[in-house]
Amino acid sequence: MHFDLNFPVTASASTSQPKKNKNKQTQQSPSTAFTPAQVKGIEARLDLLEHLGYTVIAFNQSVNKKIDPKTHVNILDGLLEQLRTRPGTVFLKRLTIVLDNDSEKGFGLTNANASLVEPYDVIALLPTTSATFSLACLTHSLPSPLTAHIIALPLTLPRLPFQLKHTLVRTAIKNGVVFEINYAGAIGGESDPSLSTFGVSDTGVSGKRNWWAAAREVVRVAKGKGIVVSGGVASEADYRGPKDIANLLTLLDLAQNLAHDASVAAPKSLILRAQARKTYRAVLSEPRLVIPEAPQVVPPSPQTGGGENMRDHVNISQTLSQSSPNPALMSPQQAGSKKRTCDEVGLDSTMNGHGKKKIREAANAEGESRRKKKKGGNRKKVGAV
């Protein structure tokens, strides 16, 4: 299973303008957003992607500065209705918001615009200033119904408009956000026309040189983790196969296993998190209350005679437990002793008396022998004198 999470599409220039107020902003009509020629070109690109082995494709709609509820139109719903069904291929809808200086005050990811964002499967942010990059990494990467899943970077510009700080990048990766690298800039191909209109894309030889320098910096700061590779290609001649993309990433000092994860594992986990965005705090399934079964109570038998007999039974058991103490709590002598008769007790006392008498006799005999030895020694001393 291979992924292309950036399939750029651009609506036609046909717009509808109200007659009463000519100063109002023009609005796009979703029914006439794509002409038959454009749909035919999109079908040809999809055929090529299927031939290359891609099974999950995300159509990308780009919005400049912010989401305006008065002028925003979801053009992807009408496009999917015009495309033919392709068994085995999954189509996703992606919304990319290009952030600039005007977006620092807010770019529409609020609860009031939740109904506009809900139809999209993936939300991406493309910051162009340091302030918007910090907002994308710290604030809009937290789990919520309006969380951003991808942070796209303008890699083809002469230089990145902000510094990639380790703390911001690691925080965003920890929150589940990935940084996108589009390989369209590496081959100098035709990218999304809307990005060129917004001034965040550059083509040609200079754009290719800028892409290689910026992409190496992204890999170095992210340490090869939290990176996803996408196409971002608007021409059929610039598409590449999954194996070619993996070889391309190894030229950015990325290990082969990390290059494989950037094109397979990271997009898959990203889509799973994107599906969890529509539930609170990234909960995949709805909680279900499980009520335990009540314990079975055995009714008293008729022979027991009701509650009085049960109480008598309890009293009898307590009496037995008190009369027969626990052997584990008894001393060894108590545990091993048994009730003895009077004859046994008298015999033991007689045996104890004889034993004491013999001990006294042995002690007296030893004392007498010591006294005799002492006297004999004194006599020898007197004779010597």
Would you say the side-chain atoms of [X] pair up with the backbone N or O of [Y], donor to acceptor, closer than 3.5 Å?
{"X": "T156", "Y": "W211", "result": "no"}
{"X": "R45", "Y": "V233", "result": "yes"}
{"X": "T128", "Y": "L99", "result": "yes"}
{"X": "R273", "Y": "H149", "result": "no"}
{"X": "E50", "Y": "G88", "result": "no"}
{"X": "D121", "Y": "K93", "result": "yes"}

Problem set entry | Y183 six-ring centre to R240 NZ/CZ under 6.0 Å and within 45° of normal | no
Should [X] and [Y] be counted in the same cluster of Ile, Leu, Val, Met, Phe, Trp and Tyr side chains packed under 4.5 Å apart?
{"X": "I181", "Y": "V264", "result": "no"}
{"X": "L155", "Y": "V177", "result": "yes"}
{"X": "L80", "Y": "I75", "result": "yes"}
{"X": "L249", "Y": "M1", "result": "no"}
{"X": "I123", "Y": "I57", "result": "yes"}

For this session: Please examine the side chains of L5 and V122, heavy atoms only from C-beta on, and report whether any two atoms are closer than 4.5 Å.
Result: no
Problem set entry | Side-chain heavy atoms of L125 within contact of T132, under 4.5 Å | no
Exercise. When the ring planes of F133 and F179 are compared, do they come out parallel, tilted or perpendicular, using 30° and 60° as the limits?
Worked result: tilted
For this session: Assign the ring pair F7 / F59 to parallel, tilted or perpendicular, where the plane angle (0 to 90°) is split at 30° and 60°.
Result: perpendicular
Exercise. Given V39 and L83, is the side chain to side chain contact (heavy atoms under 4.5 Å, CB included) satisfied, shown in steps?
Worked result: CA-CA 7 Å; V39 173; L83 297 177; 4.1 Å; yes
For this session: Apply side chain to side chain contact (heavy atoms under 4.5 Å, CB included) to L168 and S134, showing your working.
Result: CA-CA 7 Å; L168 297 178; S134 300; 3.7 Å; yes
Exercise. Do R86 and D47 sit within salt-bridge range, that is, some charged N less than 4.0 Å from a carboxylate O?
Worked result: yes
Exercise. Would E217 and R220 pass as an ion pair if we require N to O under 4.0 Å?
Worked result: yes
Problem set entry | L146 and H140: CA distance, side-chain angles, deciding distance, side chain to side chain contact (heavy atoms under 4.5 Å, CB included) verdict | CA-CA 8 Å; L146 301 173; H140 293 279; over 6 Å; no
Exercise. Among pairs that include at least one residue of residues 165-179, which meet side-chain hydrogen bond (donor to acceptor under 3.5 Å, both in side chains), considering only residues two or more places apart or in two chains?
Worked result: S141-N175
Problem set entry | Atom NE2 of H260: over 12 foreign heavy atoms under 6.0 Å | no
